[in-house]
Structure formats: C-alpha cells, structure tokens
Chemist: 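Okay, handing you the structure first.
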Amino acid sequence: MKQYLKHYINGAWVESTGQNTIEVLNPATEKTIGLISAGTEEDLNKAVAAARRAFPSFSETTREERIALLERIVTAYEQRKADIIDAVTEELGCPRSRSEQVHYNMGLVHFKQAAESLKDFTFEEKRENSTIVKDSIGVSGLITPWNFPTNQTSIKIAGALAAGSPMVLKPASMTPYTAMILAEIFDTAGVPKGVFNLVNGSGKTIGNAISSHPDIDLVSFTGSTAVGEQIMKRAATTIKKITLELGGKSPLIVLDDADVQEASDIAVSNIMNNTGQVCTAATRVLVPRQMKASFEKELLNALPNYPVGDPQNDVFTGPLIAEKIWDRVQYYIQKGIDEGANLLTGGLGKPDGLETGFYVKPTIFTDVQNDMTIAQEEIFGPVMSVIYYDSLEEAIKIANDTTYGLAGYVVGKDEATLSHVARSIRAGRIHVNRGKSDYSAPFGGFKHSGIGREWGDYGIEEYLEPKTIVGLE
Ligand code: NAD
C-alpha cells in the first residue's frame, strides 16, 4: 500500500492539515493500491502563499535560465522512466506497452517542446511608438483529469515554467501517483522553492478553492465541460484568466475514395486507444452509405487487432478507470439500444474472462442518427457510433451538428477534398489520414470544448500578460 499522505509545498513534502484520506484503486484488480490526503483549504492557502512568494524572483528569471531548467527536468524525467510506466499502468489500468509509448512519451515531449519553443519566443516587440512586453501572469492554479496523468499535467506545468509563472497543481484523485513522481522530478531538477506546489484533494474542496482564490491569477483546467462551466463561474468572482480544455464528440469523416480497410482500422484504433477515455476520441464515424456493407465487415475484422485484457499483458486496451465510469458507459450502451441504433458488436456487461476489473466490451453501433444521445453526449469509453451519409455536404453538416469542437478526422485520398473537409470542420485540431500529432502546434477546442490553447508557444502565451509601454525610445 502506498501511503503518500503529504503535499509538496514550498520545495518540501509536508503533512496535510486535515486527517481525511482518499483511496486510490487499481482498475484492473479493483484493489486499493494506496491512500492520498484529502487536502484542506488551509493546505491550499499555504501552497498559494509559497507560489506568491516565489513569483517576484521566478518571473524575473531569464529565458536561458528557464530553458536550462526545462532541460534538467527532461533529464530527471528520463531517469524516472520505469517508475512513471509502473505508476500509469497501476493507477490508470493502461497496458504497460501503451503506458510507455503513449503516456511516458507524451509527458516528456511537452517539457522538450517548451524548451524548444522558448528559444525563439517573442517576449518583447516594437510597434510604432509602443514597446510590447509579455509579463508572467502571476500564480497559476492547475487542475487536471485522470485520463492522461502525465500528459495533462506536463502540458500545463511546462507552459507555466516557460512563462515564469509559479503554480499549484491539483491532480485527479484517481491518478495521483504519477503527479507525485513529477514533483520528485522537479525536486531533483532544482525547480526553485515555491515554484511548483502540489496539493491533493477533491474537486469540491481544492478545485473550488483554486477557482475562486484571490491570489491565483489564472486557472488552467482540463476536464469535463460541466466542471469547466462551474470553474468559469467561480473564476469570474476574481476576474481570473481561464484556460479550459474540455470534452468532445469528435467526427471522423470517411471519404468515398478512402481505402475501406485503412479507414476502418483508423476508426477502430482511435476508439480503442486508452479504452476510449480520450477527449479527442473519434466517437462519431461518418461513412458514405454505399460503403456500409464493406465498412462494417472491415470494422469487425479490425477489432481483434486491438485486444482487451490485463494491463500487465501484451494487450492494446485495459479496463475503464472506475466503477462509476463503467456504469456510465453501460448506461450509454443501453441508451443506444433503446433509441434504436443497430448494435454491430459488443454491448452490455464485461468481456468473457474479464469479470474482475472495470472492463467493457468494445461496442460499435451502426445506423446511428446524429440526434441520438450516443451521438451527442460524451461517453468516454470504447463505444463507436457509425452514421451513414448521402453527400459530403450532409457529412460536414452532421460533423458540425454538436455542441463540442475539440477534434475532427478525415480519411480519404483526394487532396482537395481532404483539405476542404478539414477546413470545414469546426474544431481545434483536425487529423488527415494518419497525420501524427505535432507538439509545436496549438491544441484546444471550439464551442463547448474549451477556451484557450495549449502546447508549444501557444501554451506559453496562456501564462503571460502583454503590456504596452508607449513613448519609450
Ligand atoms: P472532471 O471534470 O470530473 O475532473 C477534472 C478535474 O477537476 C479533477 O482533478 C477533479 O477533481 C476536478 N474537479 C471536480 N470538480 C471540480 C470543481 N467543482 N471545481 C474544480 N475542480 C473540480 O473530469 P475527469 O472525469 O477527470 O476527466 C474526463 C473529462 O476530461 C472528459 O470530459 C474529457 O473529455 C476531458 N478531457 C479534456 C481534455 C482536453 O484537452 N480537452 C483532455 C483530457 C480530458
């Protein structure tokens, strides 16, 4: 049992001022793996005060000093590779190989990218008789979800460090251990006292207190749209800047010239990634009606290539994170059946032989109408809705008929059509065919998927305030 009951405040691990604890489970075994402290407002106040004290000196560090700091973090992070992979596998239930390929690497890449982006970042520019300088925003409050415990935390931390903003992080209580390893990494890398602080606890206590804290200047939140809305309201009381990275219901448009096998493989691998617990998951797959029979056949052929099982084994997909998430996925599968979608494969219950652990059956619905609940609401599990379309205009209309706008995908051959469709989807990030993520490019959502951008120089920008000085020679 991991008894990690301390918070990381002002460069040291300190006892919580409260007695309450939160259990952390391994979703593959359903067993408790450890406890963390349910932090108090007093704990948070101490962390904010430490960050505030660190602000004057840290915000004045040079670009070169912060690049060197980020590079030391990269080295220290690489030295903890095995621990990070173990922690993600255990607390998230992610298969070991994916914990390395996806989670370990995504955490690392944002620190590397921030160092790279800082090298030619414009902190000062001249326009007519104005000098525009970009100052650190002040103290940042970071609130992160459980589905990418390295990625979501390091995106924010890297941006804040690059911009000279001391911070307080509240990681998700279901996956806290990866974040605690990050705190150890920062300690090793010599992050100055008070610049990085970590307080564990519930969203209700620590999350709410961050959102309304008078000494926090920016809240950067990644999580559900419902909580994002609450944070926005609370942050309004102190006119805080906010960055919100929220949910999605992203479309994948298959063009009529697409290779059917390739398109179905892209669709299946996407929904199976991280057990479908991905904000950018392509949950609505739009397919030309004449492709129906061949596409369904290829979906079923592709599915066994992404096996579900024990994360310690050589599988692609593990369990869902928690029982309540499992229940929610079951609710949506039932809803799809009730609303008349065709259940091509999967369905309710657990896969054979996987009775212990929060495993679900990968589920594909076809003949889905876009106004069905399963096509409108974020399910956050390996559940795909296939929608057939008759014309490209109709496909684009369906793709955009959602309150979300986080990501979009288009698969096909004709370059002009790929470009037209990619430009027509109202979302922050569009992948064409197997287009790989570029970490220097901005990430974020349109509509209810969020406000602001992360990654690379756009991410650094969030933690800065532009100041205009007029009349300076
Ligand atoms: P969540 O909104 O339930 O929780 C996210 C974080 O907010 C957690 O740390 C939680 O403790 C905290 N929180 C809860 N209530 C709070 C409150 N009232 N005030 C402040 N903080 C509070 O989300 P989740 O279930 O952890 O994560 C899944 C969601 O995150 C999905 O909707 C997914 O799409 C979204 N997500 C978005 C992105 C993105 O980049 N857009 C990335 C990953 C996940």
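None of the values given here were measured: they were computed from a predicted structure. Throughout, residue positions are numbered sequentially from 1 according to the sequence presented. Atoms within a ligand are numbered from 1 in the order they appear, just like the ligands themselves.
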Chemist: Could you tell me how the ring of F196 sits relative to the ring of Y8: parallel (under 30°), tilted (30 to 60°) or perpendicular (over 60°)?
Modeler: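 Because their plane-to-plane angle lies in the 30° to 60° range, the rings of F196 and Y8 count as tilted.
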
Chemist: Is there a polar contact, in the sense of an N or O pair closer than 3.5 Å, between S211 and ligand 1?
Modeler: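 By distance alone, the answer is no.
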
Chemist: For atom 24 (P) of ligand 1, what's the nearest protein heavy-atom neighbour? Residue, atom name and distance, please.
Modeler: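 Checked against all protein heavy atoms, atom 24 (P) of ligand 1 sits closest to W146 NE1, 3.4 Å.
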
Chemist: Is S224 in polar range of ligand 1, meaning some N or O pair under 3.5 Å apart?
Modeler: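 In this structure, S224 places an N or O atom under 3.5 Å from an N or O of ligand 1.
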
Chemist: Compare N208, T222, T280 and give the one whose heavy atom is closest to atom 19 (N) of ligand 1.
Modeler: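 Comparing heavy atoms across N208, T222, T280, the nearest one to atom 19 (N) of ligand 1 lies in N208.
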
Chemist: Can you see whether S440 engages E116 through a side-chain donor-acceptor pair at a distance of less than 3.5 angstrom?
Modeler: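 No - no donor-acceptor pair under 3.5 Å links their side chains.
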
Chemist: Looking only at heavy atoms, is any part of Q277 under 4.0 Å from ligand 1, and if so is it the side chain, the backbone, or both, or is it neither?
Modeler: neither

Chemist: Among all protein non-hydrogen atoms, which one is nearest to atom 7 (O) of ligand 1, and what is the separation to 0.1 Å?
Modeler: F221 CE1, 3.2 Å

Chemist: Applying side-chain hydrogen bond (donor to acceptor under 3.5 Å, both in side chains) between Y306 and each of D265, N270, T317, N273, report the one that passes.
Modeler: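 The single option meeting the side-chain hydrogen bond (donor to acceptor under 3.5 Å, both in side chains) with Y306 is D265.
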
Chemist: I'd like to know if the side chain of K350 and the backbone of G357 have a donor-acceptor N/O pair within less than 3.5 Å.
Modeler: yes

Chemist: Of all residues at least two apart in sequence or in a different chain, which pass the ring-ring contact (aromatic ring centres under 6.0 Å, His included) check with F55?
Modeler: none

Chemist: With heavy atoms of Q230 as the reference, note each atom of ligand 1 found under 4.0 Å away.
Modeler: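 Answer, ordered by atom number: 18 (N).
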
Chemist: Among all the protein's non-hydrogen atoms, which is closest to atom 16 (C) of ligand 1, and how far away is it?
Modeler: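 Here the nearest protein heavy atom works out to V227 CG1, 3.4 Å.
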
Chemist: Under 4.0 Å, counting heavy atoms only: does F148 come that close to any atom of ligand 1?
Modeler: no

Chemist: Please check this pair: side chain of N147 against backbone of Q277, looking for a donor-acceptor N/O pair closer than 3.5 Å.
Modeler: yes

Chemist: Go through the steps for T243 and E454 under the test side-chain hydrogen bond (donor to acceptor under 3.5 Å, both in side chains), then give the verdict.
Modeler: CA-CA 9 Å; T243 301; E454 298 193 300; over 6 Å; no

Chemist: Considering the heavy atoms of G247, write down every atom of ligand 1 situated less than 4.0 Å from one of them.
Modeler: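 Listed by number with element, the hits are 32 (O), 34 (O).
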
Chemist: For ligand 1 and S449, I'd like to know whether there is a polar contact (N/O to N/O, distance under 3.5 Å).
Modeler: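 Checking ligand 1 against S449, no N or O pair falls under 3.5 Å apart.
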
Chemist: Between K156 and S220, is a side-chain hydrogen bond (donor to acceptor under 3.5 Å, both in side chains) present by the stated rule, with each step listed?
Modeler: CA-CA 7 Å; K156 296 184 191 306; S220 179; 2.9 Å; yes

Chemist: Consider every N or O of L246 and every N or O of ligand 1, then say whether any pair is closer than 3.5 Å.
Modeler: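 Yes, at least one N or O pair falls under 3.5 Å.
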
Chemist: Is the distance between the ring centroids of F443 and W455 less than 6.0 Å?
Modeler: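 Yes; W455 has its ring centre under 6.0 Å from that of F443.
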
Chemist: Would you please test T237 and S212 for side-chain hydrogen bond (donor to acceptor under 3.5 Å, both in side chains) and show each step?
Modeler: CA-CA 7 Å; T237 58; S212 51; 5.6 Å; no

Chemist: Only heavy atoms of E245, strictly under 4.0 Å: list the atoms of ligand 1 that pass.
Modeler: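 It comes down to these atoms of ligand 1: 37 (C), 38 (C), 39 (C), 40 (O), 41 (N).
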
Chemist: Starting from atom 40 (O) of ligand 1, find the nearest protein heavy-atom neighbour and note its residue, name and distance.
Modeler: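 Scanning the protein heavy atoms, the shortest distance from atom 40 (O) of ligand 1 goes to F443 CE2, 3.1 Å.
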
Chemist: Tell me the protein heavy atom at minimum distance from atom 12 (C) of ligand 1, and give that distance in Å.
Modeler: I143 CG2, 3.7 Å

Chemist: Which bit of Q152 is near ligand 1, meaning a heavy atom under 4.0 Å away: side chain, backbone, both or neither?
Modeler: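 The answer is the side chain of Q152.
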
Chemist: Below 4.0 Å from any atom of ligand 1, is there a heavy atom belonging to S173?
Modeler: no

Chemist: Ignoring hydrogens and angles, tell me if any N or O in the side chain of R328 forms a donor-acceptor pair with the backbone of G381 under 3.5 Å.
Modeler: no

Chemist: Return each pair, listed once, that meets side-chain hydrogen bond (donor to acceptor under 3.5 Å, both in side chains) where at least one residue sits in residues 103-112; pairs must be two or more places apart or across chains.
Modeler: H103-N274, H110-N151

Chemist: Considering heavy atoms of the protein only, find what lies nearest to atom 14 (C) of ligand 1 and give residue, atom and distance to 0.1 Å.
Modeler: G203 CA, 3.6 Å

Chemist: What protein heavy atom is closest to atom 34 (O) of ligand 1, reported as residue, atom name and distance in Å?
Modeler: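 Atom 34 (O) of ligand 1 sits closest to the protein heavy atom E378 OE2, 2.5 Å.
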
Chemist: Please check whether S202 reaches ligand 1 - meaning an N/O of the residue sits under 3.5 Å from an N/O of the ligand, judged on distance alone.
Modeler: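 For ligand 1, there is no N or O atom that lies under 3.5 Å from one belonging to S202.
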
Chemist: For atom 9 (O) of ligand 1, state whether the nearest protein heavy atom is under 4.0 Å away.
Modeler: yes

